[in-house]
Structures are given as C-alpha cells and as structure tokens.
Asks: 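Let me give you the structure first, and then I'll get to my questions.
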Amino acid sequence: MQTKEEPNLVEELSRMEWEPLVAAEKKLIGYSIALGVVLLAVLYWVSTAFFIVQP
Amino acid sequence: MSAAGTHWLKSEDWWSVWIGLFIFVLSLGVFGGADILGWGAQMNTWLDPGGAVKLASTAYQGLPVLLSILFTYLFLLAILSVGACFLGADLKQFGIGFTVVFALSLLCWFLGHYAYIAATPDKLGAFGIGWSLNLTGEAGFILALLAGLVVGNFFPGLADRLKAACRPEWYIKTAIVIMGAGLGAKAAQSTGLAGAIIFRGFCAIVEAYLIYWALVYFIARKYFKFSREWAAPLASGVSICGVSAAIATGAAIRARPVVPIMVSSLVVIFAVIELILLPFLAQWALYDEPLVAGAWMGLAVKTDGAAVASGAIVDSLIRAKALAIDGINYKEGWMLMTATTTKMFIDVFIGIWAFVLALIWCTRIDCKEGETVRLREIWNRFPKFVIGYVLTFAVLLTVCLSFPEKAAAGQLSTGEGNTFRVLLFAMTFFSIGMISNFKKLWEEGIGKLAAVYLISLFGFIIWIGLFISWLFFHGVKPPLAG
C-alpha cells in the first residue's frame, strides 16, 4: 500500500471562505430538528404500545 | 464511490462478509456431527498460566494447547491473506504485520484474563483470592488498545511496518458477521426482547440522525464559520458514524477528498477517547439500566470498531457490577447486541442520508448544470457486512426456533465461531490504538476543527444520545443467566 502525501490542514483551513447560511440550509436544519422532535413522540408511543417488553 | 470500492471481490466490506460466512458455515458442521472448528484456542480466567488456554470443543481433547494456538493463528492468517490478496495488499508485508498484531493482541487477551484483573466476585472463592479488579476477561481488549496506542505513538517505525495488517474496520466487520450467529441463538431464547431491541434501536437512530446532524451543522456554520464543504462532512463525522459518514457526505456534496480525510483523522482520535471513557462512565451510572448503556455506546461512540468494542466492554463491566452489588447475573451479550444493532442501523442509514444531502445540495444549495443524483448511490453506500450479519443472525435464529432439541449444538457452534470473533475483536482494539496518532491534536491549526468536534461531542451528542437511549431502553432488562 502506498502512502499518499499528507494534505496540510493549516493551509486548507486558512483557504476556507465564509459563506452565509442560505435559506435552503436554514430549512434543512429547521425541518430536520422539527421532524426529529415530532418523531420522538410518535416512535416513543409506537415502541411502548406495540413493542412491550415483559419483565 | 469507485467501482472497486463496491465490487464484491475488491472491497474490505464484502471480504468481511465472505470470511465471516466461511467461519460461520464451518461452525455449522456440529449440527451434522462434524466438529470442524473445535481445535480453536479459547481463554479462561487464570491464576496459573498453564490453565489459561482451553480448546473450543471437547471433541479435540488431547490436542496440546500450543498446537491449538498455532492452528488458530494459521487458520486466521490463511483466510485473511486470501482477502488481503484480493484487496491488493503486499502478502509478505501483510503476513509479517498480521503475525505481530495477532501475537500482541493474543498476549493482551491472555493477560486480561489474569484472575486478579478479571475474576468476578462469584469466582473469587474458586481461585482462592480475596480481591480482583472485577473487569472480566474483556480487560484484555483495553490492554490491547493501550498496547496499540504505545506502538502507534512511540514506535512509529514499527507501526509503519505493521500498517498492512492494521485494518480495524475489516476485523470488526468480520467479527460482527460471526457475532450475528451468536446473537441469533440468544434472540431465540427471548424473541420478544430481541424484536423490541431491534425496533427501539431503529427509533433511536432516526432520532439521532435528525437531531444530531442538524445541530452540529448549525453550530459549525453559524458559530465557527465553517464553509458548507467543511461543515457537512464534519457534522456527519461527529454526529453519525465517523469515518464512513464523513466520506459519504463529502462525496454527496462534492467536497474535495481532502476534507473528509481530515475530518476522519479527528474522528478516529476522539473515538479512542470515547472508547476509554464511556464504558466506565456507563458502568458507574447505568449498571441498573444495562440496555440503556448498550444503546448509548452504539449512539455515542463513533466508528464501527470503537462502538462495538465499547458495547463489548460495557457488557462485561455492567454484568460484573450488577453481580457484585445487586447479585443480579445478567446473560452475556445483550448489551453488546443492543450496541451493535444501534450501530448497524446508523450504518444502514448513511447511504440514505448521503442521498438526501446529495439531492438537497444538487437541487437547492449548490446547483450545477447537468449534475444528477442516482438512487444507486444508496446501494453503493450500503454497508455490505450488514448482509452477512443479518444472514448469520437469521439462520441461527431459525434453526434454534425450529429445532429446540438442537440447542446444545447451537451453543457449541456459536462458541466455536466465538473463538475467532474475540480474537478479531482484540486485533481491532490493537489496530485502533495503533492508528490513533495523538500528535495530530497538537498540530498547528487543528484547534478550530477539534473545538467544534469537542464541543459537539462532549457538549450535547453524548448527552442527547444518553437521553434517547434512556427514552427507548429504560426498564428493558437482559434475561438472567441460569
């Protein structure tokens, strides 16, 4: 196996340009968390109602 | 992903399936009266080193233990070399590396079984000793990890020579395929509990994906001013499944390859820190909620190797503590099964998540003319070792449920496969240690990247993971032994 030349992290990070959060990203974040919270309640109900564990 | 990366003879993922299934099929011989793998070397807790090694099956009684160890070594070397050959490794380098990795891992596994380290309270009398660290034989895994860390960080020359055989993901995936059979046999004893674990593991993962990823991405973008190209692989690496998720996300959003590679190097280092800390934290705080602890390891610890390894340690630590404090003797393997199930759902979802991100990037964020997203990418990114795991799990579950009178053969069969599973685990721990170069943390400029990782991981991922695990697994207990 050949070792590839290691990239320089400092250079790569310093080259990074700031980009503002666009509407699509904000929607992705918002919808994802909102869906997560709603499903939390739904899945919890399903697991306790249909996947009961007998002690 | 390149064609070679998914080809059934050219990827580590597929080779973990072939090798795992090969061992599994051989272990099934006992059902037909042919004990093929009974010569394998297993470890006992010991006070006298002479009694440490035992044979996997009494059918080979009389075989000297040194020969048993030699056969075990040669068998693993032979089958892994076939895979390494197809994967394009230099066979001589692989053979040398494997021999050293195997020998050191076996030595650590042996030392970890020393009675003063491993004996549980119910065994102290049998050994005639008044105390022990109560860590069970799995302490050998921790020793292997420490040995790997010493080699990787203090003997870089030796580590470089062993590199060809330093393949923690391959070893753990092969071990997981073998483990499927053992867990299938366990599930047959309590199908309701196994079903609940599988469904609840699935629930935990849906939650983890939706909440973790979005939060880490937001923090990296908003507060640390990372670009999209860096923030997306970083969010996947920290929040989902480490290396494979970072790489899949990088490809999905068309990031330059350098980005996921750098994120991955951090993932590996922090996974080791989690592997050392979290099982002991779980033993301290969650010994009365064993399956919460198992799911937590699957959710919080990144990389397949470290997560499943944490599940194995937490399984033994919590069983030992529950026995010592409450006198409760849980059956072995249920916490490990929970950690593995949770982790595998994470792996299965990587492809779907990468597809969703690719679709959003392609249509909403970074639209490039003529660029399309293909459904086939989901299959390309599907972790193939899961197929092997599901197969071995389903076969043993079906056999044990259909022929209850064959339970003893099932136990012997999974026990013989287990011989190789634990050795592959030990080699995984050693290899993880060896590739974890902590000098990276001192590298100039890594601070910002490490800060996001540290804040996200220890600030909320671990704790949200604990909450989700508790929500879905509290009150669910493993069956009792005996």
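What's counted below: heavy atoms across the whole structure, side chains too, no hydrogens, waters or symmetry copies.
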Asks: Tell me, side chain or backbone of Phe226(B) under 4.5 Å from chain A's heavy atoms, or both, or neither?
Replies: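 For Phe226(B), the contact with chain A is made by backbone and side chain together.
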Asks: Using a cut-off of under 4.5 Å on heavy-atom pairs, state which of Gln93(B), Arg228(B), Arg364(B), Arg256(B) scores highest against chain A.
Replies: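 Ranked by heavy-atom pairs under 4.5 Å with chain A, first place is Arg228(B).
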Asks: Indicate the ring-plane relationship of Trp353(B) and Trp213(B), choosing parallel, tilted or perpendicular according to the 30° and 60° boundaries.
Replies: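 The rings of Trp353(B) and Trp213(B) stand perpendicular, inter-plane angle above 60°.
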Asks: Between Thr342(B) (side chain only) and Gly201(B) (backbone N and O only), is there a donor and an acceptor less than 3.5 Å apart?
Replies: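 Side chain of Thr342(B) to backbone of Gly201(B), a donor-acceptor pair under 3.5 Å: no, none is there.
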Asks: Which atoms of Leu357(B) come close to chain A, meaning under 4.5 Å heavy atom to heavy atom: side chain ones, backbone ones, both, or neither?
Replies: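 For Leu357(B), side-chain heavy atoms alone lie under 4.5 Å from chain A.
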Asks: For chain A, find which of Val476(B), Ile360(B), Leu471(B) contributes the most heavy-atom pairs closer than 4.5 angstrom.
Replies: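 The option with the most such pairs is Leu471(B).
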Asks: Return the set of residues passing side-chain hydrogen bond (donor to acceptor under 3.5 Å, both in side chains) with Arg161(B) (not counting sequence neighbours), or none when no residue passes.
Replies: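 With neighbours one apart ignored, the set is empty.
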Asks: Against chain B, work out which of Thr48(A), Val37(A), Leu39(A), Val42(A) has the most heavy-atom pairs shorter than 4.5 Å and name it.
Replies: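 Winner by heavy-atom pair count: Leu39(A).
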Asks: So which atom in Phe51(A) and which in Gly195(B) form the shortest heavy-atom distance, rounded to 0.1 Å?
Replies: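 Closest heavy-atom pair between Phe51(A) and Gly195(B): CD2-O, 4.0 Å.
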Asks: Heavy-atom pairs under 4.5 Å with chain A - which of Arg221(B), Glu229(B), Lys222(B) has more of them than the others?
Replies: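 Of the candidates given, the most pairs with chain A belong to Arg221(B).
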Asks: Quick check on Lys477(B) against chain A: is it the side chain, the backbone, both or neither that has a heavy atom closer than 4.5 Å?
Replies: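 Contact with chain A: none, neither part.
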Asks: Side chain, backbone, both or neither: which part of Phe218(B) has a non-hydrogen atom closer than 4.5 Å to chain A?
Replies: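 Both parts, backbone and side chain.
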Asks: Measure across Ala165(B) and Ser431(B) and return the closest heavy-atom pair with its distance rounded to 0.1 Å.
Replies: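 Scanning both residues, the minimum pair turns out to be O-OG, 4.4 Å.
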Asks: Is it the backbone or the side chain of Arg200(B) that comes under 4.5 Å from a heavy atom of chain A, or both, or neither?
Replies: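 It is the side chain, since no backbone atom gets that close.
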Asks: In terms of relative ring orientation, are His474(B) and Trp470(B) parallel, tilted or perpendicular, with 30° and 60° separating the classes?
Replies: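 Parallel: the ring planes of His474(B) and Trp470(B) meet at under 30°.
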Asks: Check ring-ring contact (aromatic ring centres under 6.0 Å, His included) between Phe467(B) and all other residues, then give those that pass, not counting sequence neighbours.
Replies: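 None.
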